[in-house]
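Letters A, B, ... are given to chains in the order of the sequence lines, protein chains preceding strands, and every chain is numbered from 1.
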Number of protein chains: 2
Amino acid sequence: MRDTHTVDVGLTAVIMAVSGGVAKVLAVREGAGEHALPSGLFDPAQDRTLNLSLRRWIMELTALEVGYVEQLYTFGNQYRDARELDVGARFLSIGYLGLAREQRIGTGVPAEWHDIYDYLPWEDWRGGRPAVLDAHIMPALAAWAEDALDGAGRALRRGRIAMTFGTADAIDHEKALQRFELMYEAGLLPEAHRDYALVREKSSSVFSFNKNKIEDIYKVSLEVGGLPMKMDHRRILASALERVRGKIKYRPLVFELLPAAFTLLQLQKVVEALSGVALHKQNFRRLIQAERLVEETGEMETTARGRPAALFRFRPQVLSERPAPGVGVPKISTI
Amino acid sequence: MRDTHTVDVGLTAVIMAVSGGVAKVLAVREGAGEHALPSGLFDPAQDRTLNLSLRRWIMELTALEVGYVEQLYTFGNQYRDARELDVGARFLSIGYLGLAREQRIGTGVPAEWHDIYDYLPWEDWRGGRPAVLDAHIMPALAAWAEDALDGAGRALRRGRIAMTFGTADAIDHEKALQRFELMYEAGLLPEAHRDYALVREKSSSVFSFNKNKIEDIYKVSLEVGGLPMKMDHRRILASALERVRGKIKYRPLVFELLPAAFTLLQLQKVVEALSGVALHKQNFRRLIQAERLVEETGEMETTARGRPAALFRFRPQVLSERPAPGVGVPKISTI
DNA sequence: TAATATATGCTCATATAGAGCATAAATAGC
DNA sequence: GCTATTTATGCTCTATATGAGCATATATTA
């Protein structure tokens with residue numbers, strides 16, 4: 001009936017926009033109350049490239065114009081979907097990141113913008129260290145580390161926790177995917193329990209939490225508070241966030257999310273929303289202007305409170321002047 | 001006979017090693033004198049994950065032990081292979097990077113280590129600016145830019161050249177994939193002409209070189225001097241080089257390529273071989289030691305000339321101490 | 001008119017990166 | 001044994017980048 005080697009390929013898109021200082025992702029609601037990323041099958045007969053395929057069905061599904069598109073990662077986990085356990089079929093999913101300017105979604109389109117941090121609450125440090133970390137995540141991870149088989153295993157797990165969730169004085173905000181993967185493995189996300197239920201009998205090395213404490217761990221996964229997501233969509237979202245956080249430092253991605261003219265504070269708010277950290281305003285201005293990323297339009301903003309701000313536009317010449325123009329998020333921020 | 005959506009998935013591996021200050025890649029010789037990267041089909045029935053599939057057939061093919069493995073990118077170009085133009089079949093190829101310590105290859109194994117820069121001669125700046133750049137590449141790119149349709153197109157092309165191949169005083173050595181793609185598009189690589197010959201009639205927007213000058217451009221592609229490679233393997237190699245150059249800055253990848261004990265000069269030579277730039281010895285030592293990436297073993301090197309060097313080992317604790325431990329290649333080096 | 005909010009200019013301390021000088025400890029050639 | 005050569009290693013000096021905060025300007029709101 002089908003070749004043993006062939007697989008179906010789905011494209012799953014993380015379409016991001018920022019409006020009013022809130023980083024948003026396009027999500028569709030499906031059954032079971034789970035939020036899903038928009039996704040579609042890659043049809044080799046119809047589309048010349050993966051990129052074109054993605055743009056085609058995004059347009060068909062949402063009528064949204066997406067500017068920047070970038071491939072993230074190809075996921076091929078066996079336990080990705082329950083159906084795969086029964087049939088011999090196989091499904092690969094290629095994650096994509098897309099950046100769009102804020103656009104109203106047409107009526108009748110089954111998609112909505114959602115705050116990214118409703119899915120990844122522990123990733124938003126703009127208001128200081130997220131409370132859920134100390135209230136639920138770190139204690140559960142510490143317990144997970146202690147549950148390792150032997151001393152070496154405990155040291156290894158403690159090391160992984162320190163590397164992804166930070167040490168006493170520093171954290172790497174970029175490592176969103178590694179934090180997701182650690183939490184999934186430790187059972188701190190609802191989908192870990194959903195997936196584990198499917199493979200309970202089959203030995204799965206993916207889940208390393210203590211099976212005797214599974215009820216307690218499941219309760220923690222609910223306290224952590226991320227909205228429920230379909231299949232591995234939270235993983236794909238985390239990898240998109242990691243990519244965008246890394247890339248804004250050396251490519252001028254943020255301007256894909258801003259109108260043609262903007263104030264420096266608007267620019268800063270977009271960077272903060274994506275990177276999840278609050279920035280020092282004066283230093284941010286100094287950096288942006290030193291890098292010559294923007295130029296004044298000559299106009300001033302009129303609608304806001306306080307002293308009116310000068311409007312700027314992106315200076316595309318910077319692309320050919322300097323090898324790695326980005327917005328300079330501090331690599332390592334204090335806890 | 002087959003579902004319209006299904007595709008075959010191949011895994012293509014860039015296995016790197018460094019020996020004697022030379023960065024090498026595992027290559028197999030196939031017909032037509034073209035060098036090929038080792039590759040195999042992904043068999044969903046046999047392998048639980050993409051990663052395991054890759055490790056399985058690498059081991060079967062070469063009996064090599066590969067330590068670090070990382071997915072690069074999934075390529076789905078229509079013109080990847082001549083056969084795809086005739087049949088409706090479709091082939092996706094997922095590129096992987098693997099790092100191995102230098103190992104002798106078993107007799108009878110149809111694979112050899114080759115200097116990476118034999119395939120990408122313009123990427124090695126250790127001995128100063130590569131001669132082929134000014135002799136062949138930059139003049140041909142300049143001509144390509146002038147051949148654009150209008151002034152805006154010329155400005156755009158000049159901008160792309162500056163961004164990828166650098167400006168008067170700086171170049172980003174990391175952008176190996178973008179340099180490949182620009183050269184491919186401009187017809188400066190032999191495979192561009194091989195692929196273009198297949199799609200001549202079908203309008204292809206991938207090749208933007210002046211078709212009236214195709215013979216001259218083809219000659220340049222031979223002067224550029226990269227060894228011929230199968231299909232899109234040079235693209236995958238370029239993306240592996242880009243990944244490794246980027247990642248050594250913030251992850252301790254290099255130690256995957258070194259023996260357990262090494263001198264600081266050996267470490268430096270590995271970084272230089274991968275990044276393609278020469279480094280200031282004293283500053284490199286200062287950086288490595290300040291980052292506490294290594295610790296002395298207490299032993300000294302005995303075999304070399306000159307004053308004996310202290311032997312060091314990787315200090316894995318650094319992974320849990322600091323969020324982004326890497327070897328600090330200068331981001332931007334002067335031309 | 002005072003309080004508040006935002007914009008913008010400037011300084012200062014510290015950390016980091018780039019370049020080079022100086023010295024140490026081995027081998028190679030004679 | 002003496003000298004040249006080679007590599008290792010310690011140290012300094014300077015320029016630049018980063019992090020933090022002070023001070024002032026110009027608007028709106030109460």
(message) Return the CZ to CD distance between Phe284(A) and Glu272(A), rounded to the nearest 0.5 Å.
(response)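 One gets 7.5 Å once the value is rounded to the nearest 0.5 Å.
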(request) Report the distance from atom CD of Glu242(B) to atom NZ of Lys247(B), rounding to the nearest 0.5 Å. (result)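 Answer for the CD-NZ pair, Glu242(B) versus Lys247(B), is 13.0 Å.
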(request) Check side chain to side chain contact (heavy atoms under 4.5 Å, CB included) between Gln282(B) and all other residues, then give those that pass, not counting sequence neighbours. (result)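 For Gln282(B) the side chain to side chain contact (heavy atoms under 4.5 Å, CB included) partners, ignoring immediate neighbours, are His280(B).
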Spacing between [X] atom [atom1] and [N] atom [atom2], to the nearest angstrom:
{"X": "Lys249(A)", "N": "dT18(D)", "atom1": "NZ", "atom2": "C1'", "result": "14 Å"}
{"X": "His280(A)", "N": "dA7(C)", "atom1": "NE2", "atom2": "C1'", "result": "14 Å"}
{"X": "Phe262(A)", "N": "dA7(C)", "atom1": "CZ", "atom2": "P", "result": "14 Å"}
{"X": "Ile288(A)", "N": "dT18(D)", "atom1": "CD1", "atom2": "P", "result": "11 Å"}
{"X": "Tyr250(A)", "N": "dA17(D)", "atom1": "OH", "atom2": "P", "result": "21 Å"}

(request) Please lay out, stage by stage, how Val66(B) and Leu99(B) fare under the test side chain to side chain contact (heavy atoms under 4.5 Å, CB included). (result) CA-CA 6 Å; Val66(B) 178; Leu99(B) 301 182; 5.9 Å; no
(message) Check the orientation of Phe262(A) and Phe255(A). Use parallel for under 30°, tilted for 30 to 60°, and perpendicular for over 60°.
(response)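 Rings of Phe262(A) and Phe255(A): tilted, 30 to 60°.
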(request) Determine, for nucleotides 5-13 of chain D in 5'-to-3' order, which nucleotides have protein heavy atoms under 4.0 Å from the base (write B), from only the sugar-phosphate (write S), or from neither (write -). (result) -BBBBBBB-
Under 3.5 Å, which donor-acceptor pairs link side chains of residues 112-119 of chain A to any protein atom two or more places apart or in another chain?
residue, atom, partner, partner atom, Å
Glu112(A), OE1, His114(A), NE2, 2.9
Trp113(A), NE1, Gln103(A), O, 3.0
Asp115(A), OD1, Tyr117(A), N, 2.8
Tyr117(A), OH, Arg245(A), NH2, 3.0
Tyr117(A), OH, Ala273(A), O, 2.6
Tyr117(A), OH, Leu274(A), O, 3.2
Tyr119(A), OH, His35(A), ND1, 2.7

